[in-house]
Undergrad: 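Starting off with a structure, shown below.
Proteins come first, then strands; the chains are lettered A, B, ... in the order of their sequence lines, and each starts at number 1.
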Amino acid sequence: MRLANYCAWRISSEGLGHMDIFAIFSDKIKNTLKEIYGEEILDNELLAKIAVEPPRSLAHGDISTNAAMVLSKNLRQNPREIATKITDYFKNDKNISSIEIVGPGFINFRLKNKIYHSLLSSILSLGENYGKVDMGQGERVNIEYVSTNPTGPIHVGHIRGAVFGDALASLMEFVGYDVVREYYVNDAGGQIDILAKSAFLRYRQALGEKIGEIEKGLYPGKYLVPIGQDLAVKFGDKLLTKPEKESLEIIKPIVLKAMLVLIKQDLAKLNIRHDIFFSEQSLHGKDGEIEKTLSWLREKGLVYQGKLEPPKGKLSDDWEDREQTLFRATKFGDDSDRALVKSDGSYTYFASDIAYHREKYLRGFNKQIVVLGADHSGYVKRLKAAVKAISDGKAELDVKICQLVRLLRDGKQVKMSKRSGELVSLAEIVDEVGPDAVRFIMLFRRNDAPLDFDFNLVKEMSRENPVFYVQYAYARSCSIFRTANRELPDLDLSIDALRRADISLLTIEEEIALIKLLSTWPRVLKAAAKTHEPHRIAFYLHELAAGFHGFWTRGKENPDLRFVNHNSLSVTLARMVLVRSVQQILGTGLRILGVSAPSELS
RNA sequence: GGCCCCGUAGCUCAGCUGGAUAGAGCAACGGACUUCUAAUCCGUAGGUCGUACGUUCGAAUCGUACCGGGGUCACCA
């Protein structure tokens, strides 16, 4: 029997609802192949190579597949022969207006408008759920991002990773993963002692002491001044009478807590919130996770005493050739084995990190994502090695590296001096340009490519600024509804009325082209989630905005093409369905990126 | 020297994990406003995808080797 089940149009391999016509078509083609050649010949590997996608050029139709070429070798048949057999099965499909076999064996399908009409009505009724594929099926994912040292406010170097991680988390959530957003607090190392000392100095200052220039090696930032004052209020001069070591132990947890408050405030400015702040300190101590992890690794024979080759190239001055406790990272793909214990006997950062990732694994996260800055790219291999080791290869870790951000003002690079401690802070940037612009710009580039952040451009409200370009499209869609209500007060524009609209009135090329653009949204979402690349969403939104603005301006040249059409209420209503759908997707996409969708721009 | 990322239009970047004639924006040039907010749109011009081999029906995409740019390189975090 032929594949004449047109109900299949509404069903895809991934369930009802998301209405991805490419996925639906893919299923149809693969089922057809099974019917023609039998399931035996078509293993999954082969099927996976079959692409069913929108062709680059409109001249090649609406949907294109390479199926015939992919199968040609296994079937020992000419691709065009195979293509002919496939197309025979689709000849009577009422949704297809033409099929061509071209070039080496591409099959190009052209679809009838009614498919797009049916898609549009699905989009309207699915609302926010359009494109929502259940890829994750509730699988738990742990996404760790920001994780800056709790020694001061967040500065420009961390913003990108913060925004990226947050948007990625929303994206994964959207496609059905159970996401936990986590921040690893490095509250255990020597930098915390320095922090405490720095705060102690500010405390003495608050008590009236002249502290002069801040000693090299301490944190000079002014953000510690209020902490010092708080300490003075709380303790008076009591901390001066104790041995300094004792006082520092008292100060440490207080200043640490204050720093986390500071960091959370900064993140909140960008609407970033974590579910868990995980303390590195909690892994230390007797019977702590680090010890447990190391003895677990020892049992597996993955820890040994040995010497490390000194690094090639220029030797660092303080290189000390000594035997040390090493983790057999090379066994899991790293270039070198890695030290677990420092020369002073305490654990290395890496040791606690192994324990941390094991702890995550034991909490049930087989899927982990860590977002790091470019300066940590050398750390990726050992991290992956660690996760492989502690999970017996069962957990999957993806490390996303965010490249550097270059700040530009008036075309010149903003210089930052780390020495003075006066780095450009997150707060300064967000206060100046607003959270939406910061977020969108950070996401409007692949994470592994360096990024220029141009203050002048980001604050500009023009087409050059992608943030406003997309937001304006959204605002414009709202504005059209306001106009329609004003000019045609008798027209019912409620959702129910839109659902009853006669969409088949949309037959103009521009209208169909816009619906075709809407039809790729599920693909974009899927690809973005699969590759952990939220920037794809940003680019899609930009493209959709362009298509929408384009159509809008056509109405300027030709009044018949205006959305609000006084000559025909039914055409107006049908076009309003289109406007509503564009609006919905823009809104959903912006929400995933964490950028607001204003209904009007003032 | 090892490892990781990047070399695509004059500039800034996309390119759906191997597809067809490689795409946007800026800048340049020529057009469209008694506005469904022109904060926008249309058109023209611009490229041996760093180089050379290799894998195959087919490479910007995968592999190898170079060239150029950035990051990183016991013990810090």
Undergrad: Examine the side chains of A:Tyr356 and A:Glu182 and answer whether a donor and an acceptor come within less than 3.5 Å of each other.
TA: yes
Undergrad: If you measure only the distance, is there a donor-acceptor pair under 3.5 Å linking the side chains of A:Gln471 and A:Asp436?
TA: yes
Undergrad: Looking only at atom P, what distance separates B:U56 and B:U61, rounded to whole Å?
TA: 16 Å
Undergrad: Which nucleotide in the list B:A77, B:C57, B:A74 gets nearest to the side chain of A:Lys342?
TA: B:A77
Undergrad: With a non-hydrogen cut-off below 4.0 angstrom, is A:His535 in contact with a base, only sugar-phosphate, or nothing?
TA: sugar-phosphate
Undergrad: For atom C1', what is the distance between B:G58 and B:A27, given to the nearest Å?
TA: 36 Å
Undergrad: Remember a base hit wins even if backbone is also touched, and classify A:Glu600 as base, sugar-phosphate or nothing at under 4.0 Å, heavy atoms.
TA: base
Undergrad: Considering Watson-Crick and G-U wobble pairs with both distances under 3.5 Å, what does B:G25 pair with?
TA: B:C11
Undergrad: Can you check B:U17 for me, syn or anti if syn means within 90° of 0?
TA: syn
Undergrad: Could you check whether A:Asp321 gets within reach of a base, just the sugar-phosphate, or nothing at all, counting any heavy atom under 4.0 Å?
TA: nothing
Undergrad: Please give me the minimum heavy-atom distance between A:Arg322 and A:Lys342, naming the atom from each residue.
TA: NH2-C, 3.6 Å
Undergrad: Distance between the P atoms of B:G19 and B:C62, in whole angstroms?
TA: 11 Å
Undergrad: So what does A:Ile401 hit on the nucleic acid, given a heavy-atom distance under 4.0 Å: a base, only sugar-phosphate, or nothing?
TA: nothing
Undergrad: What interatomic distance, in whole Å, is found between C1' of B:C41 and the corresponding atom of B:C36?
TA: 15 Å
Undergrad: Provide the distance between the two P atoms, one in B:G68 and one in B:G2, to the nearest whole Å.
TA: 14 Å
Undergrad: For B:G10 versus B:G46, give the span between their C1' atoms, rounded off to a whole number of Å.
TA: 9 Å
Undergrad: Is the backbone N or O of A:Ile192 less than 3.5 Å from a side-chain atom of A:Lys252, with the two atoms forming a donor-acceptor pair by type?
TA: no
Undergrad: Between B:G71 and A:Asp375, counting only base atoms on the nucleotide and side-chain atoms on the residue, is there a donor-acceptor pair under 3.5 Å?
TA: no
Undergrad: How far, in whole Å, is B:U51 from B:C67 if one measures between their P atoms?
TA: 15 Å
Undergrad: Taking the P atom of each, how far is B:U44 from B:G23, in whole Å?
TA: 13 Å
Undergrad: Answer with base, sugar-phosphate or nothing: what part of the nucleic acid does A:Lys556 contact at a heavy-atom distance below 4.0 Å?
TA: base
